[in-house]
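This report refers to the structure that appears directly beneath it.
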Amino acid sequence: MARISITKIFTFEAAHILQGYDGLCANIHGHSYRLEVSVCSPGSVVEPGRFLYSEKADPKNGMLFDFSELKKLVSKAVIEPFDHSLILNGQTGEDLAETLRRRSLRVIVVPYQPTSENLLIDFAARLQAVLPQGIALKKLRLYETATSYTDYESES
């Protein structure tokens, strides 16, 4: 089965703490994250024009999905909430989060240990909730450093 996919790359800055971790990542530390988002057609593509924009008169005819629309969706669902924030595990970080919020600092409390693996699961759910019908999430890749990344791949 042949599929067409498109990928858009995003960057954002965030810090986190891995509560209870047995190494340096138990301390507040930050990353320059790089997020690659790939979406695809939900089924086999056998001929041109079988995409979201399939009307021949549409200037977007032949596009699987408009890159600018993908940018808007990902920015609103993931980048804007997480950029320049401190991500804390809600099970262990509520007191710290409240103290920091009182100082007007940007804190996100999540119900999981904020590892790159868990962040990708969260990001996938956020994106699947806002992608239009006819577009499927194919893959996410999150770089924590220039040489370390985690992949999320959809089975559909």
Side-chain angles (χ1 to χ4, degrees), residues 3-43 45 51-53 60 63-156:
R3 281 191 181 177
I4 297 290
S5 65
I6 64 169
T7 301
K8 182 100 178 113
I9 299 169
F10 303 84
T11 59
F12 65 100
E13 308 296 325
H16 65 162
I17 300 170
L18 299 183
Q19 296 283 338
Y21 184 74
D22 63 351
L24 291 174
C25 292
N27 297 295
I28 296 174
H29 64 286
H31 296 285
S32 293
Y33 287 101
R34 175 182 159 144
L35 176 65
E36 298 177 4
V37 178
S38 299
V39 296
C40 64
S41 55
V45 176
F51 304 123
L52 189 62
Y53 308 105
K60 295 180 181 181
M63 290 183 186
L64 168 68
F65 191 45
D66 190 328
F67 281 110
S68 66
E69 290 300 315
L70 181 58
K71 179 180 178 180
K72 287 177 194 172
L73 291 175
V74 175
S75 293
K76 185 169 183 171
V78 176
I79 305 304
E80 290 172 14
F82 285 86
D83 190 30
H84 285 82
S85 67
L86 172 60
I87 308 164
L88 297 175
N89 181 338
Q91 297 173 342
T92 56
E94 259 324 316
D95 293 339
L96 177 58
E98 190 53 40
T99 299
L100 295 172
R101 283 189 185 122
R102 280 194 304 263
R103 295 177 181 258
S104 298
L105 298 178
R106 191 170 181 167
V107 180
I108 295 177
V109 177
V110 294
Y112 53 80
Q113 184 79 311
T115 62
S116 60
E117 295 88 344
N118 284 332
L119 287 168
L120 275 183
I121 293 167
D122 185 351
F123 296 171
R126 289 168 184 260
L127 293 172
Q128 287 168 337
V130 298
L131 285 173
Q133 185 175 353
I135 298 297
L137 183 62
K138 179 181 180 185
K139 183 177 180 177
L140 298 176
R141 174 171 283 175
L142 183 64
Y143 283 84
E144 242 187 24
T145 68
T147 60
S148 301
Y149 64 84
T150 301
D151 282 335
Y152 171 98
E153 295 186 52
S154 176
E155 293 188 16
S156 60

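Position 1 is the first residue of the sequence, and the numbers go up from there. Note that the structure is predicted; figures quoted are calculated from it, not measured.
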Under 3.5 Å, sequence neighbours excluded: what are the donor-acceptor pairs made by side chains of residues 4-15?
| unit_1 | atom_1 | unit_2 | atom_2 | d |
| --- | --- | --- | --- | --- |
| T7 | OG1 | S38 | OG | 2.5 |
| E13 | OE1 | S32 | OG | 2.7 |
| E13 | OE2 | S32 | OG | 3.3 |

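- Expressed to the nearest 0.5 Å, how far NE2 of H29 lies from CG of L86 amounts to 10.5 Å.
- The side-chain heavy atoms of L88 and P114, taken from C-beta on, include no pair separated by under 4.5 Å.
- Once rounded to the nearest 0.5 Å, the distance linking CG of L119 with OG1 of T150 reads 9.0 Å.
- Atom CG of residue N89 and atom OH of residue Y112 lie 9.5 Å apart, to the nearest 0.5 angstrom.
- Closest approach of R106 and P81 over heavy atoms only: NH2-O, 3.4 Å.
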Subject >> Full working for side-chain contact (heavy atoms from CB on, under 4.5 Å) between L35 and F82 >> reply: CA-CA 12 Å; L35 176 65; F82 285 86; over 6 Å; no
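- Here CZ of F123 is found 7.0 Å from CD1 of I79. Values are rounded to the nearest 0.5 Å.
- Residue L142 holds its CG atom at 5.0 Å from CG of L120, rounded to the nearest 0.5 Å.
- Qualifying ring-ring contact (aromatic ring centres under 6.0 Å, His included) partners for Y152, counting only residues two or more places apart in sequence or in other chains: none.
- Residues L105 and T99 fail the side-chain proximity criterion, which asks for heavy atoms closer than 4.5 Å.
- Between I87 atom CD1 and L18 atom CG the span is 10.0 Å, to the nearest 0.5 Å.
- Residues Q19 and Q113 form a side-chain contact, since some pair of their non-hydrogen atoms from C-beta on lies under 4.5 Å apart.
- Under the rule for a side-chain hydrogen bond (donor to acceptor under 3.5 Å, both in side chains), the partners of R126 that lie at least two apart in sequence or sit in another chain are D122.
- Counting heavy atoms from C-beta outward, T115 and C25 have side chains that stay 4.5 Å or more apart.
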Subject >> Working for side-chain contact (heavy atoms from CB on, under 4.5 Å), residues Y143 and H31 >> reply: CA-CA 9 Å; Y143 283 84; H31 296 285; over 6 Å; no
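- At a threshold of 4.5 Å between non-hydrogen side-chain atoms, the residues K138 and S154 do not count as touching.
- Relative ring orientation between Y33 and H16 is described as perpendicular, the plane-to-plane angle rising above 60° on a 0-90° scale split at 30° and 60°.
- The two atoms that bring L64 and V39 nearest to each other are CD2-O, 3.6 Å, heavy atoms only.
- With hydrogens and angles ignored, the 3.5 Å screen pairs no side-chain donor or acceptor of D83 with any backbone N or O of E80.
- A donor-acceptor pair under 3.5 Å links the side-chain atoms of T145 to the main chain of T147, judged by distance alone.
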